[in-house]
Undergrad: 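Dumping the structure here so I can ask a few things about it.
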Amino acid sequence: MTLREPSAANLQWGVVRVDGGAPQPALRDGDDVLLAAELALDDDGPDLRRALRSPTLNALIELGPPAWCAVQQAAADAPAAARRALADTTAVLPIQIPDYVDFYASLEHATNFGAIFRPDAPAVRDNWRHMPIAYHGRASTVVVSGTTIRRPHGQIGPAVLQATAQLDLEAELGYICGPTATGPIAIDRAEQHIFGVVVVNDWSARDIQRYEYEPLGPFLGKSFATSMSAWITPLTALAAARTQPPPQDPPAAPYLTAKEPWLLGIDLSIEINGEVVSRPSAKSLYWTPAQMLAHLTVNGARLSAGDLFATGTISGTQPQSAGSLAELHRGQRWLADGDDVVLRANAGAVELGEVRGRVAAP
Ligand code: CA
């Protein structure tokens, strides 16, 4: 049990099993966990009661920021006896994810990948600086940290189906969205539809990706698994991590221009078999989360409670700040069976946690 004073804003959200019971919403404070259904709430209406007994956080997300804050405050005010040890719980995937979109928001990553995949063309295409580019991922294969990743099969050349020989990781941040809204969501209202932040590993099979991605983009080279951290850090916990993004050149379109633009100064690390191999930072991202959400919905697309969008690989300008092995080792090294991959993220003293996965043989 920790004895320090908890801050309501700094608690993380998740869903846990206790003693093999049904999954239920929970809040984490360091090494402690509070079960949301056990909290004493001032406004304990039927919708909130139902949400706090649900096997995912979707219903709670749908109730909006006032409900989130009320539960966080009740958790912060709960007596020490209400806490249990994190180690006595099992965290599960906290969201039933309706839609998953992966952006391509890092200019350094886009530049590196253009050079690797299309050496004879300009690394970054003209449209890249005018809008956040993305593809739709496979929501149902998003898995929680700790899930084993089986090396996938796919076509790597004409009629050649085999297990990937070029399995890679991608260090990203993900944003869990809601409540549900019909697009467009104006850029200055975007953060009212972001529930919190997770760490994402967008596993990628480069040989499959290279053969299939033109002309319609990533498919089986990505859709076998995407891992996310079990605990969701609310934006309120990251207020001190907000930074002013650098000016964009050319200036963004009006619907992508915020009155007060912000990025999150979150530092990541990539660890393979216990060794840190790279330290990317989200401070270097070109497109902001609010720009991504505004763009995602500008055509009227509906945002659903629990939707996940990710930043795309976060890479910096230094060799040891790349967010993928393709960039770190230029095709000379890929993930091996048995490798343990752990991505961690923190914003100063605020730990966002980790996303972990072990590679298994095909
Ligand atoms: Ca990605």
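Just so you know, ligand 1 is whichever comes first in the structure, and atom 1 is the first atom listed for that ligand.
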Undergrad: Rest of the hydrophobic cluster containing V18 (Ile/Leu/Val/Met/Phe/Trp/Tyr, side-chain heavy atoms under 4.5 Å)?
TA: V16, V33, L35, L86, W231
Undergrad: Hey, which N, O or S atom on E170 ends up closest to the Ca ion (ligand 1)?
TA: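 Minimum-distance N/O/S atom of E170 relative to the Ca ion (ligand 1) is OE1.
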Undergrad: For E172, what is the atom name of its N, O or S atom nearest to the Ca ion (ligand 1)?
TA: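 This turns out to be OE2.
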Undergrad: Tell me which N, O or S atom from D202 is the closest to the Ca ion (ligand 1).
TA: OD2
Undergrad: Of all the N, O or S atoms in D102, which one sits nearest to the Ca ion (ligand 1)?
TA: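 Answer by atom name: OD2.
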Undergrad: Of all residues at least two apart in sequence or in a different chain, which pass the side chain to side chain contact (heavy atoms under 4.5 Å, CB included) check with Y211?
TA: Q155, P158
Undergrad: Determine whether the side chains of S204 and K222 contain a donor N or O and an acceptor N or O closer than 3.5 Å.
TA: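 A pair is found: one side chain offers a donor N or O, the other an acceptor, under 3.5 Å apart.
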Undergrad: Taking NZ, NE, NH1 and NH2 as the nitrogens, is one of them in K283 or D267 under 4.0 Å from a carboxylate oxygen of the other?
TA: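 Salt bridge flag = yes for D267 with K283.
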